[in-house]
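Notes follow the structure.
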Amino acid sequence: MYKVFINNYPLFLCKITEFNSLAELQGVIHIDNPDAIQISKILHEYRNNLIVNSYCITSRNKDDLLKLFFSDHLFIEAAGGVVLNNKKEILLIYRNDKWDLPKGKVEKNEDLKQAAIREVQEECSITPDGIIQDLTPTYHVYPLKGSWVFKTTHWYLMIYSGNAIPVPQTEEGITSISWKNINELDDVYKNTYTSIKDVLESIKNIIPNLALEF
């Protein structure tokens, strides 16, 4: 299933066989095999904040749905890190008045994992020891200079054993950095993007079982 955020609202694209089995899709508007007029109407609602209920679009092939909806968009690939310290706290940045995770655009011919580590280094001035595991990518759409962008962000769970104090990359709009406990994120959730909340929620059951070796 693809969960694409447009103006912070999710648009679900999935196989018809997935629709009835995924609890997250209960209560959303379901359309199977939409035509061009329906696709245009749905995108108009999302882009103009006219959404009352999120949509779930189904077909036999979810990748074909992705092309139908976003083939005219500029595609950008990004990578980011969910960094844990020896207390299993998460490294969070405060960027452009929102809580966020370190991430950024992948450079040409750059390895995704190396890009994620580089972004942590650049935005927080620390170097993770390594990557523990891959996390689920996030997808979102946003306007840029009169065009629409479809952005895929690849996420990686990382560890950091050092004692250096993270320094925010202020030229990227980052004003502060904090280590936070995964079970004490209420204030973060009140002022972050829904896609970032999804990433953080996805590791809640992973962290307690991690055996970190420093």
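- Geometric assessment of Lys197 against the ring of Tyr189 yields a positive cation-pi assignment under the 6.0 Å and 45° thresholds.
- The minimum heavy-atom distance linking Pro34 with Leu65 is given by the pair CD-CD2, 4.3 Å.
- Put simply, the side chain of Lys151 never gets that close to the backbone of Ile76: no donor and acceptor are under 3.5 Å apart.
- The line from CG of Asp187 to OG1 of Thr192 is 12.0 Å long, rounded to the nearest 0.5 Å.
- The side-chain heavy atoms of Lys113 and Tyr156, taken from C-beta on, include a pair separated by under 4.5 Å.
- The pair Glu123-Arg95 counts as a salt bridge, with a side-chain nitrogen and a carboxylate oxygen less than 4.0 angstrom apart.
- No side-chain heavy atom of Ile131 sits under 4.5 Å from any side-chain heavy atom of Leu157.
- We find the NZ-NE2 distance between Lys103 and His154 to be 14.0 Å, quoted to the nearest 0.5 Å.
- In this structure, Ser54 contributes its side chain and Pro10 its backbone to a donor-acceptor pair below 3.5 Å.
- With sequence neighbours excluded, the residues forming a salt bridge (charged side-chain N to carboxylate O under 4.0 Å, His left out) with Glu45 are Lys41, listed by chain and number.
- Ion pairing of Glu201 with Lys204 is present here, as a side-chain N (NZ or NE/NH1/NH2) and a carboxylate O approach within less than 4.0 Å.
- Residue pairs that meet the side-chain hydrogen bond (donor to acceptor under 3.5 Å, both in side chains) test with at least one member in residues 133-148, sequence neighbours left out, are Thr138-Trp155.
- Here the side chain of Asn181 pairs a donor or acceptor atom with the backbone of Asn183 at under 3.5 angstrom.
- Annotation: side chain of Leu13 is not in contact with side chain of Thr58 (no heavy-atom distance under 4.5 Å).
- Transitive grouping of hydrophobic side chains (ILVMFWY, heavy atoms separated by less than 4.5 Å) keeps Val199 and Val141 in distinct clusters.
- Asn53 approaches Gly27 most closely through the heavy-atom pair ND2-O, 3.8 Å.
- Residue Val149 is not grouped with residue Val106 when hydrophobic side chains (ILVMFWY) are merged at heavy-atom distances under 4.5 angstrom, including chains of intermediate members.
- Under the 4.5 Å side-chain criterion, counting only non-hydrogen atoms from C-beta, Leu101 is in contact with Leu200.
- Cation-pi geometry between Lys180 and Trp99 is met: the NZ or CZ atom falls under 6.0 Å from the ring centre, inside 45° of the normal.
- Taken to the nearest 0.5 Å, the CG atom of Leu185 stands 12.0 Å off from the NZ atom of Lys190.
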**OP:** Decide yes or no on side chain to side chain contact (heavy atoms under 4.5 Å, CB included) for Leu91 and Cys124, but give the supporting numbers first.
**Re:** CA-CA 9 Å; Leu91 185 70; Cys124 305; 3.6 Å; yes
**OP:** Please lay out, stage by stage, how Ile132 and Ile206 fare under the test side chain to side chain contact (heavy atoms under 4.5 Å, CB included).
**Re:** CA-CA 11 Å; Ile132 300 173; Ile206 297 174; over 6 Å; no
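- Under a 3.5 Å cut-off, the side chain of Asn191 and the backbone N or O of Asp97 do form a donor-acceptor pair.
- Residues passing the salt bridge (charged side-chain N to carboxylate O under 4.0 Å, His left out) test with Glu107 are Arg118, sequence neighbours excluded.
- Under the 3.5 Å distance criterion, the side-chain polar atoms of Ser40 are left unmatched by any main-chain donor or acceptor of Ile37.
- Below 30°, between 30° and 60°, or above 60°: for Phe150 and Phe75 the angle between ring planes is between 30° and 60°, a tilted geometry.
- Taking OG of Ser178 as the reference point, atom CG of Leu92 lies at 7.5 Å (rounded to 0.5 Å).
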**OP:** Would you sort out whether Met158 and Leu84 count as a side chain to side chain contact (heavy atoms under 4.5 Å, CB included), showing the intermediate values?
**Re:** CA-CA 6 Å; Met158 306 176 181; Leu84 301 178; over 6 Å; no
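- Between the side chain of Glu18 and the backbone N or O of Lys15 there is at least one donor-acceptor pair closer than 3.5 Å.
- Both Ile39 and Ile29 are part of a single hydrophobic cluster, where members link through side-chain heavy atoms under 4.5 Å apart.
- The closest side-chain heavy-atom distance from Ile207 to Ile90 is below 4.5 Å.
- In this structure, Gln38 contributes its side chain and Asp35 its backbone to a donor-acceptor pair below 3.5 Å.
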**OP:** Check the pair Asn86 / Tyr160 against side chain to side chain donor-acceptor pair (under 3.5 Å), numbers first and verdict last.
**Re:** CA-CA 7 Å; Asn86 57 4; Tyr160 174 68; over 6 Å; no
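- Remark: the Glu77 side chain and the Thr152 side chain contain no N/O donor-acceptor pair separated by less than 3.5 Å.
- Side-chain atoms of Tyr2 and Asp63 form a donor-acceptor pair, as typed in the model, at a separation below 3.5 Å.
- The side-chain heavy atoms of Phe69 and Ile42, taken from C-beta on, include a pair separated by under 4.5 Å.
- For the pair Asp100/Ile196, a side-chain contact is recorded, criterion being any heavy-atom separation below 4.5 Å from C-beta on.
- Pairing each heavy atom of Ser176 with each of Pro168, the nearest pair is N-CB, 4.1 Å.
- Within the 4.5 Å cutoff, the side chain of Val120 has heavy atoms near those of the Ile126 side chain.
- With hydrogens and angles ignored, the 3.5 Å screen pairs a side-chain donor or acceptor of Asn7 with a backbone N or O of Tyr46.
- Note that the NZ atom of Lys62 and the CD1 atom of Ile57 stand 15.0 Å from one another [nearest 0.5 Å].
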Original post:
Phe19 and Asp32: side chain to side chain contact (heavy atoms under 4.5 Å, CB included), yes or no, with the steps?
Top reply: CA-CA 10 Å; Phe19 180 73; Asp32 187 44; over 6 Å; no
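- Sparse packing is recorded around CG of Asn163, with 12 or fewer heavy atoms of other residues, nucleotides or ligands lying under 6.0 Å away.
- When all heavy atoms of Pro208 and Lys88 are compared, the closest pair comes out as O-NZ, 3.6 Å.
- Enclosure of atom NZ in Lys105 is not indicated, since only 12 or fewer non-hydrogen atoms of other residues, nucleotides or ligands lie within 6.0 angstrom.
- In this structure, CD1 in Ile6 is found 8.0 Å from CD1 in Ile51, a value given to the nearest 0.5 Å.
- Residues Cys14 and Met1 come closest through the heavy atom pair CB-CG, 3.8 Å.
- The neighbour count for Asp72 CG, taken as heavy atoms of other residues, nucleotides or ligands under 6.0 Å away, is above 12.
- Leu25 approaches Cys56 most closely through the heavy-atom pair CD1-SG, 3.8 Å.
- Hydrophobic clustering (ILVMFWY, side-chain heavy atoms < 4.5 Å, transitive): Tyr55 and Phe5 are in distinct clusters.
- Using modelled atom types, one side-chain atom of Asn8 and one backbone atom of Thr194 make a donor-acceptor pair closer than 3.5 Å.
- Linking Ile, Leu, Val, Met, Phe, Trp and Tyr residues whenever their side-chain heavy atoms come within less than 4.5 Å places Leu210 and Ile203 in a single cluster.
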